[in-house]
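The block underneath contains the structure these notes are about, expressed in structure tokens.
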Amino acid sequence: MSGYLTGLIVLLALNTIAAYGVYLPMAAGQLNLGIAGFMAIGAYASAYLTNMCGWPALAAIAAGGGTAAILAFVVAMPILRTQGIYLSLATFALGQVICAILLNLEVVGGAAGYPVSTHIEAFTVVAVTVVVVLLVCLMSTTRVPIYLAAVKNDPLVADLLGLNVKALGVAALTAGATIAGVGGALYAHYFNYVEAQYFGVMLSTYTVLYVLLGGTQSVWGPLVGAAIFTIVPEALRSSSQWRYAIFALFIILFMALRPQGLITRGLTRRRTQAAVQGGTTAS
Amino acid sequence: AYGHERELVIGLSMARTGTFVSVANANEIAVDMAVDEINRAGGVNGSAIRLVKFDTAGDPKQSVLAVEQFARDNGALAIVGPFSSSEARVAFSAGERLGIVQMSMSSSAPGVAAPFKYAFRNTVDEGLVIEMVLKAMRAKNLSMGTAAIAYATDDAVSKAVGTTVLPEALIKVEVPVGGFVDFPYKAFDMSAQVSKLAQLKPDIVGVGAPPEAMINLAKEMKRQGVSARLFAGTTVGDPDLPVRFGDAGEGTIIGSPFYSDLNDAVRAFARSFATRAEAAKIGRTVPNQTDISSYDIVYLYAEAMKRAGVTGEPSKIAAERTAVRDELRKMKDYPALGGKITFRENGDAIKPIYVLEAKGGHWTLFDQRTAD
Amino acid sequence: MIAQQIVNGLMLGGVYVMVAVAFTLAIGVLNFLNFSIPGIFMVAGMVSWAALKSGQHWLLAFGFALMASAVVGVAVYFLTYRPSSDSDPEVPLVSSLGFLVLLENLIVLWLGSDQQSYPAIIADFNFRAGSIIVGGAQLLSLALSLAFVIALSLSLRFTNLGRQVRAIAESRRTASILGVNVGSVVPRVFVLSALFTGAGGILFAISYLQVSSSMGESIGFKGISAMIIGGMGNIWGAVAGGLLIGLVEILSTQFLGADFVNIGVYGLLLALLIIKPEGLFGMAVAREKF
Amino acid sequence: MSGLILDIEQMSACYGRVEALIGVSLQVAHGEIVTVVGANGAGKSTLLHSILGMVSPANGRITFAGADITRWPIHRRIDTGLVLVPEGRRILVSMTIEENLLLGAHMRQDKTAVRREIDGIYDRFPNLAQRRNHDASCLSGGEQQMLALGRAMLAKPQLLMMDEPSLGLSPLFVSKLFELIREYNREGLSVLLIEQNTANALRIAHRATVLELGRVALEGNAAAIAGSARLQEAYLGGAAREVTEIDHKRKSAGRRS
Amino acid sequence: MSMLLSMQNLSKAFGGLEVVRELSFDVPERTATALIGPNGAGKTTVFNLISGVYPVTSGSIRFRGSDIVNLPSRYRIKRGIARSFQNIRLIPRLSVIDNLLIGQHVTLTRPFDVMRPFRLVRDHEWICAAKAELSAFGLGQYADEPVGLLPYGIRKRVDLIRATLSSPSVLMLDEPAAGLNASETRELHSHLDTLKERGVTLLVIEHDMQFIRSVCEKIVVLNFGCKIAEGSFDQVRTDEQVREAYLGAEQAA
Ligand SMILES: Nc1ncnc2c1ncn2[C@@H]1O[C@H](COP(=O)(O)OP(=O)(O)OP(=O)(O)O)[C@@H](O)[C@H]1O
Ligand SMILES: Nc1ncnc2c1ncn2[C@@H]1O[C@H](COP(=O)(O)OP(=O)(O)OP(=O)(O)O)[C@@H](O)[C@H]1O
Ligand SMILES: [Mg+2]
Ligand SMILES: [Mg+2]
């Protein structure tokens, strides 16, 4: 396969993984603006394990996800005391703090960044991504997504129906962070270099954009969103300097015309969304 | 296009959009210029050079994509770029796996090329530059009783300059360091730092920062009435800096691998660059250090390819890429436009340093030195 | 020196206040976390710079800049706020982020990504009291913020228009059933907020004698933090939060080093959100939408 | 006819492909109480929303107080005295009770009269007076209904449209409410009333219209309709079950087409 | 007759406002008890106290003899206390079945059940159970409809079925007949009869006196948070205080 295409597929895989990291918490109503922080944790932890402890890449990548998960689990309780926009901003602040700390952590290179000694091939990145996507798909056939929808929609009722709202929230945040951590670890091992500056707010923001563009109602939304985000700017490559402006305009118009995202439950079930929403407002 | 039968492909990894656009957007012009000149003069080994370009927008991920494409799809023999240190770190690692030479025109973070055999940088080590600057200042008897150091903490180059390069260089010229102030890379408010400097009362302030932060520092010093001479290395290399200082920052001294008024050849380059830049409407007509560096990289490649006798035949591509690398490593004092270039073991260039002083809205040549 | 640093902190805080108040106006009044605000801030700075550079009188330049801000504000209304009535609450937030990206890219295309020097309109616009230097432009922006905030909080509480705006904030549909002309009140709020933001951008440029296509970003994020620390939707809180962040930033630079600024500021934000989500001066978190 | 305050001719409205109103005509004379009854989903609320302009009718004509208001924006209709007490009350819970009332009068300039009327409302509903400076979120269902009614009256309606005002109210309060409507009506207010509580609605109304699947099934004198067999069939009788099923099928069909 | 649920001196204050005051009443097992009273009397608040939405200010709530006031709200449905809401609170975007699956949650026994990819199994028992319940009340055809699309009356009953799927021993219904037309009310009535036959105890808030009379054996009347009367429909109807505060002269007649 051509080098360009391979490279593009890797980018797509990385973007997709990050998108699923945002998608899971979002299904529970948490807009995580600090996902890049969890990616950074995964990246740095796995890099440290390969560099300093000589772990094999795959084990280190898994451990990267695990580290992000542990961190998420620890912070979840306090962070989930907040809701809605406050939660988003709390995750945003968390992401900033994580970055600022990593930037000053000299054991992992500080501001100079941290090289990673082991390289993984494009195939590995794609394979891990496929596994993650399949796992999320599998999860979508369990009770979890409807429970998350309940927690998102009406936490009080969810609680009165016996769901453990807090635990579901923690689980969603942690699962998202785990996926993001794995994504960060893949990034570190494919590019063999991590720097804290890369995992800034803008990365989190763009990842949220993928998900909303694709739509949050279906498991395929994040995949489609990530694909658009990877491919459209490439397609606009010929218009060179205009491409990011055009792309931003595209996002705005898209959101204005199709706020529910590209892939909707209605679409997957061959139902028109308008009817669903109409019914909702009629209540 | 020039009547050659075969083509030698060179990749250009450029940051035409994105964060570095204002510094990097003219690199393409300089590279085009060099390629045209070489082809017009008969090419290399009877073959024309063909450029393939890839805009990375300064994004490390995209720079790897560029390397993959150049090496695997375009059959490039070498790559001009990538631009920044962030890109270089990941792109160099990819280039190493693919066995293709890359040479950055701008990356100056310490030791970025060192771990790699195929990685080069046509930039000079900050430590050398700053040492030259200080030696020049001492030689001209500037008042330098005590020094202070101001640097950006969240950028690898700036931080290294501030925490190691400047202190070591100041020790060498026996100037005591009164204290440090630091700020974020994109700082706009320097009031706290300058109030602290006001307390330290230094004669000179060594700066490890991008031009913007240095301008902000100079302006705030003026506002708070703190007078001290600023000096810095190549991190602030910008032909327009004296203008951008406005009435602050007069007398600032920097070291640079490029001085636009150096000699006829450079002036001719600047003129023809200006013509092309005007036509391309990029909003700038004066070349900067990364432009001339990009220009020189093409000539360095041409020379290395000539010496290695590359043919551009697809079957021999891997060997020829390695041959280009080996020739570059062997090269001694290649007479490039910016001065004589030799590559050190760590892949960075050794070349002349021009010590410049900001005077009345221009850079003036303060001194000229060569390391080693 | 510590006195000077406190003054420095308050002056820096003054800049954050402008942005924090603009955010508060959008979130408290329209329930909309409007991420295009940093973009408008930047547009005003850049446009006034471009006009000054092309030789316009400064009054005219500021006029252009404010006009541009208002136009962007209206565009944001039409393209992000208005279409989003029935959608997920994240959607307007995200498309306003799209606006930020768009504005930055357009300005880069037009005026480049360089940081530009802003001409000093008054040669030395500083006041000196003993050894302490106070920036005139910053003082002005602080005064302007305060005046605006007073006017705003009074009118929201006690005027008809204020009640209409608050009704819209809670439910656009109900407001329209009550005969509130949503289609004209909301754009007015957007324009007001954009003008205020634009004024902030201009005052920033005058204070710091610099503009750039990315000048909105970090100030924007600090502004949001200031707004939250003060209590989302609480206009006075935004003032206090802005000043507090300015102080924390300057003092942590002074005593801990620049490395700790972000840890300090965002750590403070995080801690506060967890301990007291409604902010220092916040009202109850009751009915926030997004 | 100058005696009409509201005249709707052949109005249709749809949500996407679902037709909610089909060629509905309806008149309200000055000083009249007209009630519209019909099964769930018959289109009653849609009718009021179309009159107010929240749903733009696909075709037809609405004349109010002599003016053709078909294309007017909502706020203009309300300014001229066409006021809705919406289904589900729609109280603004983040504002105090007093502010909710003031908001009802937001387009009025006569401050002193507004003040007097607000005090009048407090006299009538002591529950509201007690809590005037509390957030409206604390009100119980019935109290909210009082507030919604008071708020609507402050807009000085010529025609008051009420969408199921008795929903969730105690029997005592229901009779109070209907008494109140009657009283306002005697003072000259025209009322268009939608009710599930048909018995009560038909008792106070002068005329009635029965909607069925978005069409007018029957109209006439309220007392006569109260005894009508057709009404029993369309609305109260065993047929109602099929009505919802048909309604449901119609929607599915609408989606499929 | 044993008392399934009993309140003892229950009080609830919001800020300074006492909304429920020293309220004591019992809900006998396998019967339907009505809670009526003027608007704002505190009926919904009592439900909220029983289901644990609010903590009580003082007093106790005994369920099968044990005090549950300190039991976290989500465990109460596991004990067998389920409720519906005054305003329907279903998830409009999900289908009827999905909404019901949430109601089914407390009947799951194994911890792994939540993660079981049951949709991969054709006609999984959970779906069958939910569908069976739906069909039992004649709503089988709506199984896959998004709830938001359904008529009000149907949604109300879906809400009810969701509550019954948790196999409750007591079901609290907050104004189940509000907004329903006569025939829908009849259907609701027979729905409740079925539940009663199954042995479910009902606690109903309702303003429709006809409905109350035909469904409930026992009535508790609240006013200003206090119990003003208790007894059978006929006892309560003739109570002077009840007439004055709640029914009005006309209705009582
Ligand atoms: N916003 C909407 N989008 C799509 N369909 C709608 C919308 N609102 C109402 N409908 C449909 O239009 C029809 C009429 O609804 P409407 O609310 O007017 O009925 P109604 O007579 O007021 O019923 P109810 O007694 O339940 O209030 C119904 O089939 C309903 O499902
Ligand atoms: N969260 C709360 N905060 C403050 N006051 C409250 C709150 N919830 C209810 N109240 C008050 O408690 C009283 C009783 O309310 P509740 O909702 O229990 O009444 P209700 O008997 O259900 O009335 P309705 O029949 O109208 O629904 C009301 O006066 C209400 O204003
Ligand atoms: Mg209705
Ligand atoms: Mg109630």
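Every chain is numbered from 1, with letters handed out A, B, ... down the list of sequences. Below, all heavy atoms of this structure are taken into account, side chains as well, without hydrogens, waters or symmetry copies.
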For chain A, find its close neighbours in residues 39-72 of chain E: heavy-atom separation under 4.5 Å, sorted by number, or none.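 Interface residues of residues 39-72 of chain E: E:S51, E:V53.
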
What part of A:I146 lies closer than 4.5 angstrom to a heavy atom of chain E: side chain, backbone, both or neither?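 Both the backbone and the side chain of A:I146 come within 4.5 Å of chain E.
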
Heavy-atom distance under 4.5 Å to chain E: side chain of A:D154, backbone, both or neither? side chain

Counting heavy-atom pairs under 4.5 Å with chain A, which one of [options] comes out on top?
options: E:L90, E:V114, E:V106; answer: E:V114
options: E:R76, E:M115, E:K78; answer: E:M115
options: E:L120, E:V147, E:I88, E:D113; answer: E:L120
options: E:V121, E:L108, E:L165; answer: E:L108

Under the criterion side chain to side chain contact (heavy atoms under 4.5 Å, CB included), I'd like the reasoning laid out for A:L163 against E:R74: C-alpha separation, chi angles, the key distance, then a yes or no. CA-CA 6 Å; A:L163 299 184; E:R74 80 187 142 88; over 6 Å; no

Trace of the side chain to side chain contact (heavy atoms under 4.5 Å, CB included) decision for E:F118 with A:T141: CA-CA 6 Å; E:F118 70 100; A:T141 66; over 6 Å; no

Heavy-atom cut-off 4.5 Å, strictly under: side chain, backbone, both or neither for [X] against chain A?
X: E:N99; result: neither
X: E:Y75; result: neither
X: E:S73; result: both
X: E:I81; result: neither
X: E:R89; result: both

Side chain to side chain contact (heavy atoms under 4.5 Å, CB included) between E:R162 and A:L161: does it pass, once the steps are laid out? CA-CA 9 Å; E:R162 180 175 69 176; A:L161 287 172; 3.7 Å; yes

Nearest heavy atoms of [X] and [Y], plus distance in Å:
X: A:R143; Y: E:H105; value: NH2-N, 4.0 Å
X: E:F85; Y: A:V157; value: CZ-CG2, 3.7 Å
X: A:A150; Y: E:I91; value: CA-CD1, 3.2 Å

Count the heavy atoms belonging to other residues, nucleotides or ligands that lie under 6.0 Å from CZ of A:F250, then report whether that count exceeds 12.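 Atom CZ in A:F250 is packed in, count exceeds 12.
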
Enclosure of E:F14 CZ (heavy-atom neighbours >12, cutoff 6.0 Å): yes

How many angstroms lie between atom CG of A:N153 and atom CG of E:L94, to the nearest 0.5 angstrom?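 Answer rounded to 0.5 Å: 7.0 Å.
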
For E:S167, the side chain to side chain donor-acceptor pair (under 3.5 Å) test, sequence neighbours excluded, returns none

Start with the C-alpha gap between E:I77 and A:L160, add the side-chain angles, then the distance that decides, and say whether side chain to side chain contact (heavy atoms under 4.5 Å, CB included) holds. CA-CA 7 Å; E:I77 192 169; A:L160 293 182; over 6 Å; no

